Amino acid sequence: MNRRRRIYEGKAKILYEGPEPGTLIQHFKDDATAFNAEKHALIEGKGVLNNRISELIFAKLGEIGVPTHFVRRLNMREQLIREVEIIPIEVVVRNVAAGSLAKRLGLEEGSALPRSVIEFYYKDDKLGDPMVSEEHITAFGWAAPQEIDEMMQLALRINDFLVGLFLGIGIRLVDFKVEFGRLWENDLMRIVLADEISPDCCRLWDVNTNDKLDKDRFRQDLGGLLEAYQEVARRLGILNENRPMMGATPVLVSSNTPSGKPH
Ligand code: TMP
């Protein structure tokens, strides 16, 4: 029986009303989509892995002082989050040429960029999330100039931290996408990291083999998406390999964050 109020359903997640005002429950689905949902599949176990991987990354970012919406993981597929007003901008950080940048500028996939590059995309499925500039963002009032500065600073801190985290487990962080929200505390507003960080929204390449350990396996019909996400979870130390796998459903070890409850 499920009487929770559904606040929003996206392609890979559902947001439900939370237990207290100002909170929501973020539920990770098994749906994989690409090319603005032209391509769709159900990959059993993906939601469980993304919930756990995103929990670990948000908790670690919180520890280094990056403000996030994350409160705690509730169960295999859900986490408690603070309710924020999502800024309708996807912030992409790139370290290595790949995907749409490689195509747009005719760069060789895999070539290092002269420095990390930030791009903005306007979140609008009907328009296919078009790339926009700071001029568009301020002119149309999607975010204020100071908010853009704050998002860029946070995105670069997140990038520095994640590049190191992944390099330590033999993975190159090629690029990733993050979203931010406005969190109101009385009259004060803070920009916080929202949404998720998982192999759905990063490009992760094995340092030695260049194997793709991310959603490009689905976008490019390479197969083995679940195995790739499991490999990321295994290297991050959150996949329990001593317990038998039940079908395609991965078994995760319990959280090592104080608030994360085992299930
Ligand atoms: P792109 O090269 O296709 O523009 O993607 C850049 C990064 O953003 C890549 O890590 C994948 C991620 N991304 C999303 O998370 N959602 C999207 O809708 C798109 C297009 C990309």
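Every number for a ligand or one of its atoms is a count from 1 in the order of the listing. Throughout, numbering of the chain's residues begins at 1 and tracks the sequence. Please read all numbers here as calculations on a predicted model, not as lab measurements.
The proximity of R94 to ligand 1, defined as any non-hydrogen pair under 4.0 Å, is limited to the side chain.
Proximity to F176 (heavy-atom distance under 4.0 Å) selects the following atoms of ligand 1: 10 (O). Close approach to K177 involves these atoms of ligand 1, each under 4.0 Å from a residue heavy atom: 8 (O), 12 (C), 14 (C), 15 (O), 16 (N). Those atoms of ligand 1 with a heavy atom of C201 less than 4.0 angstrom away are 10 (O), 12 (C), 15 (O). Within ligand 1, counting atoms from 1 as listed, the ones closer than 4.0 Å to a heavy atom of G99 are 2 (O).
Closest protein heavy atom to atom 9 (C) of ligand 1: D175 OD1, 3.1 Å. Nearest protein neighbour of atom 4 (O) of ligand 1, counting heavy atoms only, is S100 OG, 2.6 Å. Ranking the protein heavy atoms by distance from atom 17 (C) of ligand 1 puts E90 OE1, 4.1 Å first.
Classification of D216 and R203 as a salt-bridged pair holds, one side-chain N sitting under 4.0 Å from a carboxylate O. A salt bridge does not link K177 to D129: none of the charged nitrogens lies less than 4.0 Å from a carboxylate oxygen. Salt bridge present: K13 and D195 bring a charged side-chain N and a carboxylate O closer than 4.0 Å.
The presence of a protein heavy atom under 4.0 Å from atom 12 (C) of ligand 1 is confirmed.
Scanning R203, K103, R219 for the heavy atom closest to atom 21 (C) of ligand 1 points to R219.
Counting heavy-atom neighbours within 6.0 Å of Q220 CD, excluding the residue itself, gives a total above 12. The 12-atom threshold is not exceeded at CZ of R82, counting heavy atoms of other residues, nucleotides or ligands nearer than 6.0 Å.
K46 has its side chain within reach of D200: a pair of non-hydrogen atoms, C-beta onward, lies under 4.5 Å apart.
Ring geometry, F58 versus H69: the interplanar angle falls from 30° to 60°, so the pair is classed tilted.
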